[in-house]
Amino acid sequence: AQKVTQAQTEISVVEKEDVTLDCVYETRDTTYYLFWYKQPPSGELVFLIRRNSFDEQNEISGRYSWNFQKSTSSFNFTITASQVVDSAVYFCALFMDTGRRALTFGSGTRLQVQP
Amino acid sequence: DVKVTQSSRYLVKRTGEKVFLECVQDMDHENMFWYRQDPGLGLRLIYFSYDVKMKEKGDIPEGYSVSREKKERFSLILESASTNQTSMYLCASSPHHRGFYGYTFGSGTRLTVV
């Protein structure tokens, strides 16, 4: 069975601090996809990144970066120089290419960035 | 430029009522999904559908049913609403092809059952 764990329920930082959101996943499949979504106060989930299981390269997009490590089954998300607009709930999710083809989400991490 | 539309943003219903939550997508996607979101629990899959008239149970289907008579519309039905079904409901869709590129989500319906 697949599972996604986001152990950090809530994180509060001050603007310009760096922050890392942790994500640990469980799956027996060799082919799978990992995602991060952002849910701002407006409620709609916004896609941030997709990573497949065969691509362990880290990715950077502006102030955002992702660290994928198959050895520890982790897919962590770092925001550099955080801003108030980064305040949101962030979800990590897992999709497997076999069996039930639907996203499994973690419980989410609420990030509060204080000015 | 709306792609997944949920008919109501906020809904208040009474215990025992039959409740319909509607979701329409205009992207010709084959797959559609219903999740509920609760604090500390994340998003949990209720039902999903890979095609018209097809439906599959997710992780928490009890107390819910679905209908997909047309490709673009996926309805979630609460047969007899109860207070423990008070939640945020999110609809999503995705195309059906090899690989997977994530969902497009609707804005959500916040349902309160009193």
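To find a chain, count down the sequence lines: A is the first, B the second, and so on, and within it residues start at 1.
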For chain A, which residues of residues 67-90 of chain B have heavy atoms nearer than 4.5 angstrom: B:Leu90

Near-ring test A:Tyr32/A:Tyr25, centroid separation under 6.0 angstrom: yes

Separation between OG of A:Ser65 and CD of A:Glu59, rounded to the nearest 0.5 Å: 10.0 Å

Note, B:Val66 side chain near B:Tyr64 side chain (heavy atom, < 4.5 Å): no

Contacting region of B:Glu56 [heavy-atom separation from chain A under 4.5 Å]: neither

A:Arg110, CZ: over 12 other non-hydrogen atoms inside 6.0 angstrom: no

Heavy atoms of other groups near A:Lys3 NZ, more than 12 under 6.0 Å: no

Chain A neighbours within residues 16-24 of chain B, where any heavy atom lies under 4.5 Å away: none

A:Phe77 ring center within less than 6.0 Å of A:Tyr90 ring center: yes

Approximate separation, where rounding is to 0.5 Å, of A:Tyr37 OH and B:Leu43 CG: 10.0 Å

Chain B contact via A:Gln6 - which portion, at a heavy-atom distance below 4.5 Å: neither

Within 6.0 angstrom of A:Lys38 NZ, more than 12 heavy atoms from elsewhere: yes

Interface moiety of B:Leu45 toward chain A, non-hydrogen atoms closer than 4.5 Å: side chain

Backbone N/O of B:Met27 and side chain of B:Gln25: donor-acceptor pair under 3.5 Å: yes

A:Thr20 and A:Thr78: CA distance, side-chain angles, deciding distance, side chain to side chain donor-acceptor pair (under 3.5 Å) verdict: CA-CA 4 Å; A:Thr20 296; A:Thr78 298; 2.9 Å; yes

Leading residue by heavy atom contact count with chain A [cutoff under 4.5 Å; candidates B:Tyr50, B:Tyr103, B:Tyr35]: B:Tyr103

Chain A contact via B:Asp59 - side chain, backbone, both or neither, heavy atoms under 4.5 Å: both

B:Ser49 side chain near B:Trp34 side chain, heavy-atom distance below 4.5 Å: no

Side chain, backbone, both or neither of B:Arg44 within contact of chain A (heavy atoms, under 4.5 Å): neither

Test item: A:Thr27 side-chain N/O and A:Asp29 main-chain N/O as donor-acceptor pair under 3.5 Å: yes

